[in-house]
Structure formats: C-alpha cells, structure tokens
Undergrad: 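Have a look at this one.
All of these numbers come straight from a predicted model, not from anything done at the bench. The analysis underlying the following values was restricted to heavy atoms, covering all of them including side chains, and did not include hydrogens, waters or symmetry mates. For ligands, and for the atoms within them, numbers begin at 1 and follow the listed sequence.
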Amino acid sequence: MRKFRNSNDHLIVAESTIPLGSQTFSKSRTQYPVGISPLFATRAKGPHIWDLDSNKYIDLVNSLASVTLGYGDKRLLLDIKKQLKKGITLSLPTKLESEVSELIKFLVPSAEMIRFSKNGSDATSAAVRLARSYTGRDHVLVCGYHGWQDWFIGSTTRNSGVPVAVSKLTHTFKYNEISSLKSKLELLDNKVAAVILEPMNQEYPNTGFLESVKQLTHKAGAILIFDEVITGFRFSKGGAQEVFGVKPDLSTFGKGIANGFPLSAVVGKKEIMLEMEKVFLSGTFGGELLSLTAAKNVLLRHINEDVCKDLFNKGSLLSKLTDSAIQENNLSNVINLSGHPTWRFINWNAVNTFSIQEIKTFFMQEIFQEGVLVLSTHNISQAHSEKIINKIHDSYYRVFKKLKNAIDTGSLRKELRASPIVPLFNVR
Ligand code: PMP
C-alpha cells in the first residue's frame, strides 16, 4: 500500500513558513485530502510524477494543464540549455520577443499584436484594463475563471480583501444562456467595457452562442475577450477561436504556450493593443528568455507537427475507455464526463446517502493507490501513450468497481481514511 508519511510530515514544515503550504490553491491540501494523497512532488518525467515518498504516478493534472508535450521534453530542454548560457533576463528587449510574437500571430486567428507576461491572471487583467481604457467604461461581464486579481475574484465567493467598489464593477453571466448576457448588457447600458469568457470549459457552445455573444457585445459598444489560458494551444493551435470560428477582439493565453515555463500573453486587434502605449502593462520578467525559448519550441512544434490532433486523439481514447469503465460498473448515475477530449471534466453526483465530496474523496483515495494522479479533469499531454491510457483504464475499472460496491453496500463513509474534501471555492 502506498504511504504518504513524508508528504504528511512535510506539510507541517511547509505550513510553518508558507500559508497553505503551497503557492497554488489548486495544488494545496484544500484539493488533496491529507492522509490519502501525495502532497508534495519531487520530480516529473514524460507522463509521470513522483511524490515525496517516492511513489510514482501517471499524471493527469499536468501542472494544471500547462504541460502539453509531457514533462522534461528532450528537444525543448536542449533549447533551454543553449539559452541558459546566453542569459535569462537581460537589460534590453531581445529579438526573441518578436520571433515568438510572430509565431503567435501566425497561429492565432485574432492575434495582430502581442504582449507577454508571466501568469494567466496578468494577461486577463491586462486585457480588461485595455478594454476599459479603450472604451472609457468601467463595468465588466465575466463567465468562467479568470485568475486571482481584484477585478475578477471580487465577483466570486473568495472575495476577501477586494474593495466593494471594485467588486461592484464585475458581473457574471451564464454560459450557453444568451439571455443572461443580454439582460446584463441592457441593465448596464453604455457602461460595459468588456465581456470576457472562457470560450469553452465544461460544455460545448450551443450553435450560434459564441457568435451571439460577439454580436451583442459589439452592439453594446464593448470589447469581446476570449480567455484561452487553458484552451489555447490545447484545443487547437489557434485556440478555441479557431475551433469554433469566432474571432474575439482580444484574447489571453498562458499554460500550454510554453509547456510549464511561466509565460502568458494578451493578443488582439492592433487598434486596441496599441492602447498599450497609454495603458501601463510592464514587468521586470515580461521578456524572460527561458520561457520565451520554451514558447518558441512549443509553437514551432504546433506549426510543424499536429500536436493538438495528437492530444485530441489521446484524450478521445481516454474518454472512451473511461466511459466504458463507468458503464461496465453501472455508475452512469454517479459519474459522467463532459467537455473537450483534451480537457475533459469528471462530474460527480450524490447518490443514496453519500455526498459528492464523500464520493470524490473515496475515488481519490483509491485512484492515488493505483498510481494515477487525477483531480477533476483529464489534462492530456502528448506523453500519455496508448499504453499509459490503457493502464489508466485498468485503474479506473478497479476503482469504479470498489466505488460501486462501497455505494451498494453502504460502506463508503466507513471506508474513507480521510475527511472528505470541503467545497471551499468553485472556480467555475
Ligand atoms: N484563465 C483561465 C481560464 C484559467 O484556467 C486560469 C488558471 N487556472 C487563469 C485564467 C489564471 O491563470 P494563472 O493561474 O496562470 O494566473
């Protein structure tokens, strides 16, 4: 049986100097029940990650969907080693910034100009500020998760520390419910600077939904922003905007743009991007060279090899095998999958007397024992070979069988070796 002793011990050490013991909410004990989970990693390679107790896992989290080629990709590392000798951050801009910008412009339908940053939150915040400056308006409509900055997080339940005056400027609307956008736009007549949404997360857009969003946004005199921090360089080399054929005014990228190196980008129409001459977006590390080197390698890979098709095929196979493991164990009323094959969501239902959190915690407890690291989504990378995917299926099959038995016999709660996860904050 896999043990997590070193992870558990280190949590105490980590929390003595680091609030939550993690830099990232989604990597913290808020998501991984203590006692049944690996809490700290030591290294990763290809499709695998190792924890502090030397347990090895197939990684379906893939650094929160930032890894698309697999960990430690050899060709990428060669370029990084070369760049390392030349410098990481220099005192002047470099040509690499334009080279990567040109590659993005080539790949992304709406990209006329590009600015780089480090986190997805930097890019979404820059896009919103650009829209506010360009339109001279303050209000923003949001749909999805857009990062940790005040303007967005103030609209969620996790809004502590955000001035009320700021929260009041952000309003949510519902995906695939065009009437929810329409009514907010009407209510805030002539006040909306931007409509920002994830072009897709759990659900595919209904026919005409994204087109209607664009049309209503423009009719209201606002800027349309697609947050492609996850969908970019994952759904397709041109992002969800290419898949669904709708061009936003601005879009934001991060995660998969540099296979785990910290890089994000705001891209869009030249006329709006040039507002950047007035708007202040600036950071010491915006032109940092290792991440740009990684991005160049990744983007060239998208141009020369069909990375996203490979991700799609692998994700589709995993979805198919997961569905069959669900059906073979008669669990369709408890688990279902939704979303794009490359970023597929695992959805849970409460059943009998068991809550979603209890069922999900039972699943985590058992799947971690199988050596598969998975949270709420399948974040596919190219390193998930057919052999690896078949292994995941076998693990799912065994875990679902146990889950079915624990539900049917009523023993699920008794079998839990940790407190169920607490739903602290629904990011979507
Ligand atoms: N937008 C979306 C769609 C995201 O998924 C995320 C991160 N999960 C962000 C923005 C924020 O990115 P970051 O965490 O890199 O700031």
Undergrad: Indicate yes or no: does Lys105 engage Glu112 in a salt bridge with an N to O separation below 4.0 Å.
TA: no
Undergrad: Please enumerate all residues that pass side-chain contact (heavy atoms from CB on, under 4.5 Å) together with Ser395, with sequence neighbours excluded.
TA: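 Partners of Ser395 by the side-chain contact (heavy atoms from CB on, under 4.5 Å) criterion, ordered by chain and then number, come out as Ile367, Glu370, Val372, Arg398.
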Undergrad: Check Arg301, Gln382, Lys45 against Asp73 for a side-chain contact (heavy atoms from CB on, under 4.5 Å) and give me the one that passes.
TA: Arg301
Undergrad: Pairs of donor and acceptor atoms involving the side chains of residues 138-154, under 3.5 Å and at least two apart or interchain, shall be tabulated with distances.
TA:
{"unit_1": "His139", "atom_1": "ND1", "unit_2": "His171", "atom_2": "NE2", "d": "2.7"}
{"unit_1": "His146", "atom_1": "ND1", "unit_2": "Asp227", "atom_2": "OD2", "d": "2.7"}
{"unit_1": "Trp151", "atom_1": "NE1", "unit_2": "Ser125", "atom_2": "OG", "d": "2.8"}

Undergrad: For a quick test of your reading: what N or O donor-acceptor pairs under 3.5 Å do the side chains of residues 273-285 make, sequence neighbours left out?
TA:
{"unit_1": "Glu275", "atom_1": "OE2", "unit_2": "Ser133", "atom_2": "OG", "d": "2.6"}
{"unit_1": "Glu275", "atom_1": "OE2", "unit_2": "Lys278", "atom_2": "NZ", "d": "3.1"}

Undergrad: Listing by chain and number, which residues have a heavy atom under 4.0 Å from ligand 1?
TA: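 Close residues (ligand 1, cut-off 4.0 Å): Asn119, Gly120, Ser121, Tyr145, His146, Gly147, Glu198, Asp227, Val229, Ile230, Lys255, Arg428.
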Undergrad: Starting at CD1 of Ile380, measure out to CG of Asn313 and round the result to the nearest 0.5 Å.
TA: 11.0 Å
